[in-house]
Structures are given as structure tokens and as C-alpha cells.
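Residue numbers run from 1 in the order of the sequence given. Note that these values count all heavy atoms, side chains included, but never hydrogens, waters or copies made by symmetry. First listed ligand is number 1; within each ligand, the first listed atom is number 1.
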Amino acid sequence: MLIKVINPNTTRAMTETIGECARSVAGPGVSIDAVSPATGPVSIESHFDDAMSVPGVLEEVAAGELAGVDAYVIACFGDPGLLAAREVAVGPVIGIAEAAMRTAAYLGRGFSVVTTLERTVGHTWDLASHYGLRAQCRGVHATGIPVVELETDPDAYAKVLAASLAALDEDGSDAIVLGCAGMADLCARLGADLGVPVVDGVAAATLTAQSLVTMGLATGKRGEFAYPPEKAVRV
Ligand code: 2AL
């Protein structure tokens, strides 16, 4: 089975981290192809960045279809281009925000999301509502760390830990959801330090994709998610 994990931003070091995380959970016989688009924003932390990343994501899905990919993970917590990618792909397409929130909902009554910049908080609430998980999402907490600084800020872990402790205190949550793919490598340490389940969307989405393919399930193609109609596109 081949799962293509698309980091919608163009920061290669983050793509490496994401690929390692996906490989660490993938089952035997599952290959992970971790990629980032050739063009697009280096990080995604605004609605503008989100929109600008979508053409690159869809190009990677289109290339994956020619290469025989079985399923896709969109590894950015805004789930950019998710519904469009489901139209273009034959196999399942899983976004890390949707997978992480659905996984966290199995683990208790409520979860808190710990994310990057304050300005991403509104979009995260929108996603929780969109996925029908507004009641389970008890809070969304910004750390103030820009995405690219997750790799370079020596205090990044301490800031994510502090925001998670505050979130558990304020929200009375049972679990923490990591609100950025660039936090994937913090997951195990954070879970051990907090003593509560910590859900990384890259792992959750990779295993959801693997499960769906194993069960022989894919996006329903009869209506809304049928391949988009061919038409001229002016560039
Ligand atoms: C993200 C993410 O997962 N990747 C990225 O570039 N930005 N999420 C976020 N909340 O900033």
C-alpha cells in the first residue's frame, strides 16, 4: 500500500519530520511518500496562506493518481484543499485536523487544541463545527509560535507544554490535539509529561488512511465527490 503524505507548505525540513512520523506508525507493507509542493507558502498560518497552498496540494494529488497512490494525507491543520482533493483522487484523502479531532473524540468527553498563532484559532473552531465536533472541542489555545519557528525556537517545547497545561486547566479536557503538523515530533514527550492522551494528526490521518484502504473503502464517487467536470482554465 502506498500512502502519499502531502505537507502543503514548502518547508522541506518539516516534510522530513512529517514523513518520519508517518513511517513510525505505518503498518508492515505500507510505504509512505512524504512530499511538499514545488511552489507555495513556506508555512500556512493565515487564510491567504491556506488558499495559496491549495493548487500545489491538488497538483501533488493529480501526480499521485498517475503514480498509483492508494490514499493521501493532507498534513496541515487547516486541511487545505481537502474536499477538492477528494474529487480528484480515487482513494481516500484524510486531513490531519479532521483525523486528529475525530480520534480525540474517542478518548473522552472533550479535547483542547493547542496551535501556533492566535490568528489560526478562528479557523480551527470553524473546522470543529464543520466536522460536527463543536461540542467535543472545549478550547483552542495559541502558543504564539510561528510554524517555521517550531523547528528553531529552543523554547518551542516549553511553550507547547505551558499552553497544554493551561488548556487542560481551563477547559477540563480529557485530551490534547496538536494543531500543527510541525508539532508531530513533540507528541510522545508531551503525552508523557502531561499524563493525558495527546493526538498528533499526522499519525491519526496516516492510520485512518491505512485502515480505510485495508477495509477496501474510498470516497463515494457517485455525486458531489465525482471527478470534477473537465473545462478550460485560464491562467
Ligand atoms: C499549520 C500546519 O499544520 N502546517 C502549517 O504550515 N501550518 N498549522 C497551523 N495551525 O499553523
Side-chain angles (χ1 to χ4, degrees), residues 4-22 25 32 34-58 60 72-82 85 93-104 111-131 133 137 139-153 156-157 159-160 163-164 167 176-187 190 198-206 208-209:
K4 185 166 185 174
V5 178
I6 303 168
N7 171 19
N9 76 41
T10 48
T11 299
R12 308 273 165 189
M14 211 168 122
T15 308
E16 293 303 310
T17 304
I18 289 167
E20 276 165 33
C21 168
V25 296
I32 302 293
V35 301
S36 38
T39 58
V42 294
S43 63
I44 298 160
E45 48 203 2
S46 66
H47 298 292
F48 180 82
D49 294 341
D50 196 281
M52 293 298 281
S53 74
V54 172
V57 169
L58 297 179
E60 289 296 341
Y72 300 85
V73 168
I74 298 183
C76 170
F77 206 78
D79 291 349
L82 178 62
V93 185
I94 311 298
I96 65 167
E98 182 171 12
M101 291 194 210
R102 293 204 189 287
T103 300
F111 59 83
S112 302
V113 180
V114 173
T115 184
T116 55
L117 299 185
E118 185 66 37
R119 66 184 301 158
T120 68
V121 167
H123 186 52
T124 301
W125 280 116
D126 286 348
L127 290 175
S129 298
H130 176 66
Y131 297 135
L133 293 165
C137 185
V140 183
H141 299 254
T143 56
I145 312 172
V147 174
V148 291
E149 289 181 23
L150 280 167
E151 310 254 354
T152 57
D153 180 351
Y157 180 77
K159 289 177 185 170
V160 174
S164 302
I176 294 291
V177 166
L178 297 177
C180 181
M183 295 177 180
D185 54 342
L186 310 181
C187 186
L190 201 59
V198 177
V199 182
D200 156 44
V202 176
T206 301
T208 302

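When side chains are defined from C-beta on, N9 does not count as touching V42, because their heavy atoms never get closer than 4.5 Å. Looking at heavy atoms from C-beta onward, P146 lies out of side-chain contact with T116 at the 4.5 angstrom threshold. Residues P8 and I74 meet the side-chain proximity criterion, which asks for heavy atoms closer than 4.5 Å.
Listed by atom number, the atoms of ligand 1 under 4.0 Å from S43 heavy atoms are 6 (O). Within the listing of ligand 1, atoms 1 (C), 2 (C), 3 (O), 4 (N), 5 (C), 7 (N) sit less than 4.0 angstrom from a heavy atom of C76. Using a 4.0 Å cut-off to heavy atoms of T115, the atoms of ligand 1 that qualify are 10 (N).
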* To do: Take Y72 and V57, measure what side chain to side chain contact (heavy atoms under 4.5 Å, CB included) needs, and give me the verdict at the end.
  => CA-CA 10 Å; Y72 300 85; V57 169; over 6 Å; no
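Nearest protein heavy-atom contact of atom 9 (C) of ligand 1 is T116 OG1, 3.4 Å.
Atom 8 (N) of ligand 1 has its nearest heavy-atom neighbour, among G182, G179, G78, in G179.
Taking distance alone, with nitrogen or oxygen atoms compared against 3.5 Å, C180 stays at or beyond that limit from ligand 1. Close N/O approach between E45 and ligand 1 is not found [any backbone or side-chain N/O within under 3.5 Å]. The distance criterion of under 3.5 Å between nitrogen or oxygen atoms is met by A181 with respect to ligand 1. Inclusion of I44 in the set of residues having an N or O under 3.5 Å from an N or O of ligand 1 is warranted. Residue-to-ligand polar distances place N9 within reach of ligand 1: an N/O pair is separated by less than 3.5 Å.
Looking only at distances, no side-chain donor or acceptor of K159 sits under 3.5 Å from a matching main-chain atom of I145. Side-chain atoms of D79 come within 3.5 Å of backbone N or O of I96 as a donor-acceptor pair.
Under a 4.0 Å heavy-atom criterion, M14 is in contact with ligand 1.
For the atom pair CD1 (I18) and CD1 (I32), the distance works out to 12.0 Å, reported to the nearest 0.5 Å.
A donor-acceptor pair shorter than 3.5 Å can be found between the side chains of T115 and T120.
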